[in-house]
Amino acid sequence: MTVTDIVDELRWRGLIALSTDEDALRKAFADGPVTFYCGFDPTAPSLHLGNLVQILTMRRIQQAGNLPLGLVGGATGLIGDPKPTAERVLNDPEVVAGWVDRLRGQISRFLDFEGEYAARMVNNLDWTSGMSAISLLRDVGKYFRVNNMIAKEAVARRLNSDAGISYTEFSYQILQGMDYLELNRRYGCTLQTGGSDQWGNLTAGTDLIRKAEGKSVHALATPLIVKADGTKFGKTESGTVWLDPELTTPYAFYQFWLNADDRDVSNFLRIFSFRTREEIEELERETAERPAARLAQRALAEELTTLVHGAEQYERAVAASKALFGQGDLADLEPATLAAALAEVPKATVAELLPIVDLLVEAGLAPSRSAARRTIKEGGAYLNNAKVTDEEATPADSDLLHGRWLVLRRGKRNLAAVELKSN
RNA sequence: GGCUGGUUGCCCGAGUGGCCAAAGGGAGCAGACUGUAAAUCUGUCGCGCAAGCUACGCAGGUUCGAACCCUGCACCAGCCA
């Protein structure tokens with residue numbers, strides 16, 4: 001990839017929803033390495049798939065020969081970016097500090113800290129914690145016009161809502177604007193990227209730099225990812241897909257991509273994959289011809305699971321998926337293979353063999369015993385891949401795989417393991 | 001602070017004394033069809049094997065009987081100050 005085509009590349013991938021002067025940005029890229037930044041606020045112990053779009057966009061821009069600054073919002077995380085619907089609950093400073101450390105580690109994995117275009121991690125608490133209220137109001141506040149501030153969509157929506165907005169959250173754009181100014185002064189940063197919902201905050205920074213420094217800098221916003229079925233991207237039935245393997249297992253992460261809707265998979269490839277345009281177009285063509293083969297889903301699942309969790313975890317996820325969804329008899333699996341596969345799915349430990357109804361509840365596959373019975377009645381419950389027909393059934397010792405495991409399934413793809421622990 | 005209207009199951013929403021575990025829609029779940037996809041169709045959708053229990057903002061009351069009537073409280077919205 002040459003230095004000059006990164007804007008075209010991002011466009012083709014559908015990663016540019018909004019930008020400041022695009023021609024000027026092209027020229028900046030052409031003229032040499034651009035120092036750019038993208039910020040992540042610590043609002044949870046881990047980043048999620050939505051954040052991954054931003055991280056990977058940074059990675060692309062770095063690979064095109066530019067210098068990334070990964071910003072973790074140690075300060076902005078204490079204030080809270082205004083959500084459209086309601087005021088945020090403030091988190092304790094110690095909690096936020098802990099999350100800052102975790103996010104820094106997560107982001108770092110996707111950037112290159114060596115060589116000519118080495119990345120750097122920064123924390124906006126570094127330049128705000130020592131700042132006085134007077135300095136904030138005199139040195140920075142003078143550059144912000146309230147008329148403009150209340151016109152920003154995030155603020156305007158809240159002003160027009162019953163929830164209203166606190167002065168705390170109203171001030172958020174000032175802090176984010178200051179970040180850009182500070183990074184411009186310290187490192188010559190001239191581009192900020194972010195999600196399109198951040199557009200107001202991105203322009204707060206470009207406006208501030210224009211006024212304070214007399215310089216024109218750039219901002220680039222990626223679009224909100226929309227799925228064909230209208231549901232929010234990055235969520236499954238069990239909730240948000242996190243990048244932290246403790247919060248979302250690599251197996252679940254792999255399954256998320258494997259289960260992508262045919263209609264979405266092309267967009268996902270463009271947004272998330274680092275394959276070349278030719279490779280992606282080939283995959284799109286093959287998927288259109290033979291959707292049943294799900295080549296694109298497999299390719300996506302492989303690439304992203306490997307990128308986020310490593311090759312070893314990817315292999316495990318594949319092996320587990322094959323074992324659990326395979327046609328073969330589960331009893332034929334090697335104990336090690338079975339144990340590894342079952343480690344990827346929810347597990348319940350029991351001291352004795354309970355009726356299937358209870359096991360379904362214990363394993364989290366049914367919310368209540370009534371629901372579990374219903375599932376059996378409907379023919380949706382499986383024990384070791386065999387349909388359960390008797391509501392009152394209790395597994396026998398002979399059903400135990402390798403003397404201690406049972407594999408329960410509800411519907412086509414909800415699996416759980418039950419381990420018998422006899423004392 | 002005052003007045004008015006409202007608060008029903010995951011969400012929306014009907015229900016104004018027994019026929020209400022509560023219409024209808026959406027979401028969810030399962031089945032059929034498939035490809036661990038989508039669409040479609042079918043079933044299901046408080047807890048309980050059942051008897052029954054718990055539920056219509058909260059607490060009391062009236063009544064043989066209350067989601068429905070009365071009282072108080074809380075919260076939400078609109079209008080007025």
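In the text below, chain A, chain B and the rest are named by the order of the sequence lines, each starting its count at 1.
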Subject >> Pair A:E284 + A:R270: basic N to acidic O under 4.0 Å >> reply: yes
**OP:** Could you tell me whether the phosphate oxygens of B:rA37, OP1 or OP2, come under 4.0 Å of any side-chain nitrogen or oxygen in A:K412?
**Re:** yes
Original post:
Considering Watson-Crick and G-U wobble pairs with both distances under 3.5 Å, what does B:rA74 pair with?
Top reply: B:rU7
Subject >> Distance test, side-chain N/O of A:R374 to OP1/OP2 of B:rG46, below 4.0 Å >> reply: no
**OP:** Please tell me which of the listed nucleotides, B:rG48, B:rC29, B:rG43, lies nearest to the side chain of A:E378?
**Re:** B:rG43
Subject >> Separation of B:rU36 P from A:D262 CG (nearest whole Å) >> reply: 12 Å
**OP:** May I ask you to verify if any side-chain N or O of A:T375 is less than 4.0 angstrom from the OP1 or OP2 atom of B:rC29?
**Re:** no
Original post:
Using the C1' atom in both, what is the distance from B:rC80 to B:rC68, to the nearest Å?
Top reply: 31 Å
Subject >> Atom pair distance, as rounded to whole Å: NZ in A:K377 and C1' in B:rA50 >> reply: 12 Å
Subject >> Watson-Crick or G-U counterpart of B:rC41, or none if no pair lies under 3.5 Å >> reply: B:rG31
Subject >> Pairwise C1' distance for B:rU40 and B:rG52, with rounding to whole Å >> reply: 40 Å
Original post:
Taking A:N201 for the side chain and A:Q176 for the main chain, is one N or O donor matched with an acceptor at less than 3.5 Å?
Top reply: no
Original post:
Can you tell me the Watson-Crick or wobble partner of B:rC53, both distances under 3.5 angstrom?
Top reply: B:rG46
**OP:** Using whole Å, report how far CD1 of A:I356 lies from C1' of B:rA30.
**Re:** 17 Å
Original post:
Is the shortest side-chain N/O distance from A:R373 to OP1 or OP2 of B:rC49 below 4.0 Å?
Top reply: yes
Subject >> Residue A:E289 excluded, over 12 heavy atoms near CD under 6.0 Å >> reply: yes
Original post:
Within a reach of under 6.0 Å around CD of A:E153, are more than 12 heavy atoms found that belong to other residues, nucleotides or ligands?
Top reply: no
Original post:
Rounded to whole angstroms, how far apart are CG on A:L360 and C1' on B:rC47?
Top reply: 17 Å
Original post:
Would you say the side chain of A:R13 lies within less than 4.5 Å of the side chain of A:R60, judging by non-hydrogen atoms?
Top reply: yes
Original post:
Roughly how many Å is it from CZ in A:R409 to P in B:rG31, rounded to a whole number?
Top reply: 8 Å
**OP:** Establish, with yes or no, whether the OP1 or OP2 oxygen of B:rC47 is under 4.0 angstrom from a side-chain nitrogen or oxygen of A:R369.
**Re:** no
**OP:** Have a look at A:D261 and say if it touches a base, only the backbone sugar-phosphate, or nothing, with a 4.0 Å heavy-atom cut-off.
**Re:** sugar-phosphate
Original post:
Given the C1' atoms of B:rG18 and B:rG5, what is the spacing between them in whole Å?
Top reply: 29 Å
**OP:** Between A:G379 and A:V357, name the one whose nearest nucleotide on RNA chain B is closer to the 5' end.
**Re:** A:G379
Original post:
When the nearest nucleotide of RNA chain B is assigned to A:Y251 and to A:G380 on a heavy-atom basis, which residue is associated with the more 5' position?
Top reply: A:G380
Original post:
Of all the nucleotides listed (B:rA38, B:rU36, B:rC49), which has the minimum atom distance to the side chain of A:S370?
Top reply: B:rC49
Original post:
Just checking A:Q255: base, sugar-phosphate only, or nothing, at a heavy-atom cut-off of under 4.0 Å?
Top reply: base
**OP:** Take atom CD of A:E284 and atom P of B:rA37, then tell me their distance rounded to the nearest Å.
**Re:** 22 Å
Original post:
Who does B:rC69 pair with, Watson-Crick or G-U, both distances under 3.5 Å?
Top reply: B:rG61
Subject >> Integer-rounded Å distance: B:rU36 C1' and A:L415 CG >> reply: 9 Å
**OP:** Count the heavy atoms belonging to other residues, nucleotides or ligands that lie under 6.0 Å from CZ of A:R120, then report whether that count exceeds 12.
**Re:** no
**OP:** Could you check which nucleotide pairs with B:rC79 in any of the strands shown, counting Watson-Crick or G-U wobble with both distances under 3.5 Å?
**Re:** B:rG2
**OP:** Taking A:R59 for its side chain and A:F110 for its backbone only, find out whether a donor-acceptor pair lies under 3.5 Å.
**Re:** yes
Original post:
Are any of A:N414's side-chain N or O atoms less than 4.0 Å away from OP1 or OP2 of B:rU36?
Top reply: no
Original post:
Hey, is the side chain of A:Y382 poking within less than 4.0 Å of OP1 or OP2 on B:rG31, counting only N and O atoms?
Top reply: yes
**OP:** Identify which nucleotide among B:rC29, B:rU36, B:rG35 has an atom closest to any side-chain atom of A:R410, counting heavy atoms from C-beta outward.
**Re:** B:rC29
Subject >> Nucleotide of B:rG35, B:rU36, B:rG43 approaching A:Q297 most closely (side-chain heavy atoms) >> reply: B:rG35
**OP:** Grab the CZ-P distance between A:R263 and B:rG35 for me, whole Å please.
**Re:** 18 Å
**OP:** Write down the distance separating the P atoms in B:rC58 and B:rC11, rounded off to the nearest Å.
**Re:** 14 Å
